[in-house]
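Structure first, then comments.
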Amino acid sequence: MLYFECDYDTGAHEKILKRLAETNMEPLAGYGCDRYCESAREKIRRACACPEAKVFFLAGGTQTNAVVIRTLLKPYEGVVAASTGHIGVHEAGAVEFTGHKVLELPQHEGKILAEELAQYIENFFEDENHEHMVFPGMVYLSHPTEYGTLYTKEELKKISEVCRNYQIPLYLDGARLGYGLAAEETDVTLPVLAEYCDAFYIGGTKVGALCGEAVVFPRRAPKYFMTMAKQHGAMMAKGRLLGIQFDVLFTDGLYMEISRHAIRMAMLMKEGMKKRGCRFLLDSPTNQQFLVLENGEMEKLKEKVVFSFWEKVDDSHTAVRFATSWATQERDVRELLELF
């Protein structure tokens, strides 16, 4: 079988495994207070060109989203997200479980528009009954989005301006951030995110690590953030496991190197599929590619390839996702293309 179901179906980069083995018997302080975590934090600060940033290592993406959102919101506030946003669709209600509502905006290939965000917030405060309603307390984005699409620097700037105008934080989910930063022709970088976001995280689980995410607060972290992380089950006693992995990922440009590999594999797959007349749901510049398949064709392909159902297009066609990763082999991409 060929595996293109997701970008976390393999273990970790060999350099991470090697370093974990090398440091395995070294006694270290727990809860992220060891020297490897601090080294990783410093490397991330430099990569973000943000020496004052606060960096925290959490166990996984769902926990990270729930903790950050719960910590930044007041009890009467909700988080604004695209109707296709990961927190509202694919996290089993984790945010709502913390007591905060996900407030939906229309999605445009996975993205929200600054103009619609501003109108939503303006309409809320113009409603004379708004004190009886859930307040928009922060804005959630993901980059790449659920559809593999990317925000531009200008789009982030405009959304950030709306948020700052209404004094609400902008938070960016970076579960697949490496694949967004490595995409061709993007003008979004880590320093750009540090400039326009109040919080974001750098995904490790889907970009070469065994597990873990690095949360970055470019200017000011919420008070007692790690206490909240522990309360929500996102803190690891053996914090070294996360720190060592990110220390390796941010040494000698490894994070971007392996992310660029995933993009090269995705573009090889995309161009090959185009040449074979495949129909795409949309144009994704990242590691997630969405094809529209006739249902019979899809069932036949399932006999040899593992991929993800995405959405029904009509009674006879289905959109499916093929994902590459840091670990994708070119021979597997070429073998996949021979099946079309």
Side-chain angles (χ1 to χ4, degrees), residues 61-147 149-175 177 188 192-201 215-225 228-229 232:
T62 299
Q63 297 100 316
T64 297
N65 285 332
V67 173
V68 172
I69 291 169
R70 170 67 180 84
T71 304
L72 290 177
L73 289 179
K74 296 180 178 64
Y76 50 85
E77 293 176 330
V79 54
V80 179
S83 60
T84 51
H86 196 72
I87 56 170
V89 179
H90 289 130
E91 289 191 343
V95 170
E96 286 90 346
F97 190 71
T98 69
H100 297 282
K101 187 175 182 178
V102 177
L103 306 169
E104 293 187 356
L105 277 185
Q107 63 90 15
H108 303 271
E109 295 190 339
K111 299 193 289 186
I112 64 171
L113 302 180
E115 296 80 4
E116 293 182 349
L117 172 63
Q119 191 64 58
Y120 178 89
I121 300 175
E122 183 179 339
N123 289 347
F124 175 85
F125 285 106
E126 286 181 349
D127 190 323
E128 294 182 0
N129 295 305
H130 70 265
E131 290 187 0
H132 298 270
M133 299 158 63
V134 177
F135 281 62
M138 67 183 294
V139 172
Y140 164 94
L141 308 177
S142 59
H143 185 85
T145 69
E146 292 298 280
Y147 287 91
T149 53
L150 298 172
Y151 287 93
T152 65
K153 180 180 178 180
E154 184 63 22
E155 287 171 333
L156 288 177
K157 179 182 178 182
K158 288 181 178 179
I159 292 171
S160 176
E161 288 172 349
V162 174
C163 291
R164 290 173 184 178
N165 184 46
Y166 286 98
Q167 298 183 321
I168 61 176
L170 175 60
Y171 168 56
L172 186 139
D173 177 335
L177 184 56
V188 172
V192 167
L193 296 182
E195 179 179 359
Y196 294 126
C197 298
D198 298 287
F200 63 94
Y201 80 85
V215 182
V216 181
F217 294 97
R219 284 161 290 280
R220 184 175 63 255
K223 192 174 182 181
Y224 304 127
F225 180 76
M228 293 291 289
H232 288 77

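The shown structure was predicted, so the numbers you read here are calculated from the model rather than taken from an experiment.
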Compare every heavy atom of [Y] with every heavy atom of [X], then report the nearest pair and how far apart it is.
{"X": "Cys197", "Y": "Arg164", "value": "N-NH2, 4.3 Å"}
{"X": "Pro106", "Y": "Ile112", "value": "O-CG2, 4.0 Å"}
{"X": "Thr62", "Y": "Ala94", "value": "CG2-CB, 3.7 Å"}
{"X": "Cys163", "Y": "Pro169", "value": "SG-O, 4.4 Å"}
{"X": "Val102", "Y": "Ala81", "value": "CG1-CB, 4.1 Å"}

Calculate, to the nearest 0.5 Å, the distance between atoms [atom1] and [atom2] belonging to [X] and [Y] respectively.
{"X": "Leu113", "Y": "Glu155", "atom1": "CG", "atom2": "CD", "answer": "7.5 Å"}
{"X": "Tyr196", "Y": "Leu156", "atom1": "OH", "atom2": "CG", "answer": "8.5 Å"}
{"X": "Leu73", "Y": "Tyr171", "atom1": "CG", "atom2": "OH", "answer": "11.5 Å"}
{"X": "Ile69", "Y": "Glu96", "atom1": "CD1", "atom2": "CD", "answer": "9.0 Å"}
{"X": "Thr64", "Y": "His232", "atom1": "OG1", "atom2": "NE2", "answer": "12.0 Å"}
{"X": "Tyr76", "Y": "Met133", "atom1": "OH", "atom2": "CE", "answer": "15.0 Å"}

(message) Donor-acceptor check, side chain of His130 to backbone of Asp127, threshold 3.5 angstrom: yes or no?
(response) yes
(request) Would you confirm whether Arg70, through its side chain, and Met228, through its main-chain N or O, come within 3.5 Å as a donor-acceptor pair? (result)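 No: the side chain of Arg70 does not pair with the backbone of Met228.
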(message) Walk me through whether Leu170 and Val162 qualify under side-chain contact (heavy atoms from CB on, under 4.5 Å).
(response) CA-CA 9 Å; Leu170 175 60; Val162 174; over 6 Å; no
(request) Start with the C-alpha gap between Val134 and Glu77, add the side-chain angles, then the distance that decides, and say whether side-chain contact (heavy atoms from CB on, under 4.5 Å) holds. (result) CA-CA 5 Å; Val134 177; Glu77 293 176 330; 5.7 Å; no
(request) Apply side chain to side chain donor-acceptor pair (under 3.5 Å) to Arg220 and list each qualifying residue two or more places apart in sequence or on a separate chain. (result)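 Arg220 satisfies side chain to side chain donor-acceptor pair (under 3.5 Å) with no residue once adjacent residues are dropped.
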(message) Among residues at least two apart in sequence or on other chains, which ones pass side chain to side chain donor-acceptor pair (under 3.5 Å) with Gln119?
(response) Asn123
(request) Can you tell me which residue pairs pass the side-chain hydrogen bond (donor to acceptor under 3.5 Å, both in side chains) test with a partner in residues 100-110, sequence neighbours excluded? (result)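 Qualifying pairs, neighbours excluded: His108-Glu116.
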(message) List the residues meeting ring-ring contact (aromatic ring centres under 6.0 Å, His included) with Tyr224, not counting sequence neighbours, and say none if there are none.
(response) none
(message) Tell me every residue that passes ring-ring contact (aromatic ring centres under 6.0 Å, His included) with Tyr120, counting only those two or more places apart in sequence or in another chain.
(response)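 Tyr120 satisfies ring-ring contact (aromatic ring centres under 6.0 Å, His included) with no other residue.
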(message) Quick check: do Leu72 and Ile168 have side-chain heavy atoms less than 4.5 Å from each other?
(response) no
(request) State, yes or no, whether a side-chain contact exists between Lys157 and Glu161 at a heavy-atom distance under 4.5 Å. (result)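 Side chain of Lys157 against side chain of Glu161, heavy atoms only: contact under 4.5 Å found.
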Going by atom type alone, with no hydrogens or angles, which donor-acceptor pairs under 3.5 Å involve a side-chain atom of residues 135-146 and a protein atom two or more places apart or on another chain?
{"unit_1": "Tyr140", "atom_1": "OH", "unit_2": "Asp173", "atom_2": "OD2", "d": "2.7"}
{"unit_1": "His143", "atom_1": "ND1", "unit_2": "Tyr151", "atom_2": "N", "d": "3.3"}
{"unit_1": "Thr145", "atom_1": "OG1", "unit_2": "Tyr147", "atom_2": "N", "d": "3.1"}
{"unit_1": "Thr145", "atom_1": "OG1", "unit_2": "Thr149", "atom_2": "N", "d": "3.2"}
{"unit_1": "Thr145", "atom_1": "OG1", "unit_2": "Thr149", "atom_2": "OG1", "d": "2.5"}
{"unit_1": "Glu146", "atom_1": "OE1", "unit_2": "His86", "atom_2": "ND1", "d": "3.1"}
{"unit_1": "Glu146", "atom_1": "OE1", "unit_2": "His90", "atom_2": "ND1", "d": "3.1"}
{"unit_1": "Glu146", "atom_1": "OE2", "unit_2": "His86", "atom_2": "ND1", "d": "3.2"}

(message) Tell me whether Glu126 at atom CD has more than 12 heavy atoms from other residues, nucleotides or ligands lying less than 6.0 Å away.
(response)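 It does: Glu126 CD has more than 12 such atoms within range.
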(message) Would Leu193 and Leu177 count as a side-chain contact (heavy atoms from CB on, under 4.5 Å) here? Give the steps.
(response) CA-CA 11 Å; Leu193 296 182; Leu177 184 56; 3.7 Å; yes
(message) Would you say the ring centers of Phe200 and Phe217 fall short of 6.0 Å from each other?
(response) no
(request) Please step through side-chain contact (heavy atoms from CB on, under 4.5 Å) for the pair Leu172 and Tyr201, ending with a clear verdict. (result) CA-CA 7 Å; Leu172 186 139; Tyr201 80 85; over 6 Å; no
